[in-house]
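Worksheet for the structure shown next.
Read the numbers this way: they start at 1 and go in the same order the structure lists the ligands and their atoms. Positions are given from 1 along the sequence.
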Amino acid sequence: MFQGMGNQANRQIIFNQHPEGWPERECFRLEPGDSPEPKEGEVLLRTTWLSVDPYMRGRMNPGPSYIPPFELGQPIEGGVVARVEQSRHASFPEGTFVQGMLPWADYSVSDGVGLYPVDPSLAPVQRFLGVLGMPGLTAWFGLMEIGKPQPGETVVVSGAAGAVGSLAGQLARQQGCRVVGIAGSEEKVNWIVNELGFDAGINYKATPDLLEALRAACPKGVDIHFDNVGGSIADALLLCLNRKGRIVLCGQISQYNLTEFEQGPRSDLLLVGKSARKEGFIVTDFQDRFHEGVAQLGKLHASGSIRVREQVWDGLERAPDAFLGLFRGENLGKALVRVWHPDQSPTG
Ligand SMILES: NC(=O)c1ccc[n+]([C@@H]2O[C@H](COP(=O)([O-])OP(=O)(O)OC[C@H]3O[C@@H](n4cnc5c(N)ncnc54)[C@H](OP(=O)(O)O)[C@@H]3O)[C@@H](O)[C@H]2O)c1
């Protein structure tokens with residue numbers, strides 16, 4: 001039996017100001033929070049892990065997007081794994097783990113809507129924010145449903161050493177494709193090639209002529225670009241795309257901090273000539289099939305056929321640093337914040 005918050009203080013990270021261009025530390029502030037008490041039908045949750053994700057940058061802009069913006073003066077909200085400390089809700093017993101979109105705080109209260117049980121016997125609980133959660137599902141559905149890889153094809157993944165990219169590349173490899181990853185350091189390229197089994201890797205920050213490097217790494221051209229970054233990397237890839245090629249528009253992180261649209265090549269004519277397809281998607285487009293994706297990813301993860309790495313920042317107060325680090329390429333693998341680490345939460 002847990003004792004609620006006991007005499008533990010609650011802290012939260014508040015959305016302090018809108019960024020102009022690159023977000024800064026000042027966009028966030030850490031402050032004491034209320035000591036929430038669960039009412040009938042609610043649970044008191046203690047945050048164990050939280051996820052920082054690039055899409056959250058879009059929520060820092062005031063305008064509408066596919067997900068509502070963060071509200072100034074309110075806690076930042078994101079993917080969280082938490083332990084149920086006190087339960088007045090029949091579906092979520094005390095001591096169990098859950099995940100959901102929850103505030104960046106040590107403790108929070110939920111009525112259970114949008115909360116999902118997490119089984120620590122299947123995998124360390126934080127994996128439900130990575131390979132067995134949103135990034136894993138993004139890689140799975142983006143590659144399999146939008147990219148539709150065929151054996152022998154060449155797949156290039158940009159953002160290849162990140163949460164989504166590292167999985168998309170490994171999945172494409174398992175489909176019998178030649179896989180080339182683009183990432184921002186030698187360490188990242190070594191990891192994807194030597195440990196994850198990518199066929200080749202390009203450090204875009206140390207490559208003066210990306211197009212030349214791509215042509216060398218993809219002698220048969222590119223059939224699928226799994227695009228996590230956009231910008232000039234995507235422009236170069238378009239020139240290598242084969243007839244009937246597919247561009248999986250997963251993300252455009254190189255564009256998230258721009259204050260004006262970048263002027264790039266007007267290249268759609270190339271898509272016409274190549275009878276190629278460019279298709280954006282949001283992972284929730286596949287929400288009614290998430291169980292299918294989790295089952296597939298769970299099997300692959302449990303058997304060791306896909307490998308993961310986590311970049312962990314320790315402490316709730318480090319969450320802004322972890323988030324800002326995404327735009328500086330500080331994470332290798334899935335970026336996570338360990339807020340609290342109960343003995344019951346194996347890290348594996
Ligand atoms: N469509 C969806 O539903 C969906 C869902 C989840 C994620 N996404 C998108 O997928 C992409 C990857 O997300 P993630 O969670 O896996 O993040 P991540 O790749 O783990 O982390 C972000 C990485 O992006 C790279 N990056 C940052 N700025 C860059 C730039 N200007 N040019 C090139 N690379 C840059 C950095 O690696 P380097 O060191 O290699 O630069 C950084 O480590 C993002 O664009 C995200 O928005 C889309």
Nearest-option assignment for atom 36 (C) of ligand 1, heavy atoms, candidates Gly130, Gly329, Gly325: Gly329
More than 12 heavy atoms from other groups under 6.0 Å of CD on Gln17: yes
Any donor-acceptor N or O pair under 3.5 Å, side chains Ser51, Lys334: yes
Lys/Arg N to Asp/Glu carboxylate O, Arg289 vs Glu292, below 4.0 Å: yes
Close N or O approach (Ile282, ligand 1; < 3.5 Å): no
Atoms in ligand 1 flagged as close to Ala183, the criterion being non-hydrogen separation under 4.0 Å: 40 (O)
Asn228 contact mode with ligand 1 (heavy-atom cut-off under 4.0 Å): both
Any Cys250 heavy atom less than 4.0 Å from ligand 1: yes
Selection from Glu187, Lys188, Met56, Gln252 by shortest heavy-atom distance to atom 38 (P) of ligand 1: Lys188
Heavy-atom proximity to atom 34 (N) of ligand 1, best of Tyr204, Tyr55, Phe327: Tyr204
Proximity to ligand 1 by part of Val164, non-hydrogen separation under 4.0 Å: both
Side-chain ion pair, Arg83 and Glu85, N-O less than 4.0 Å: yes
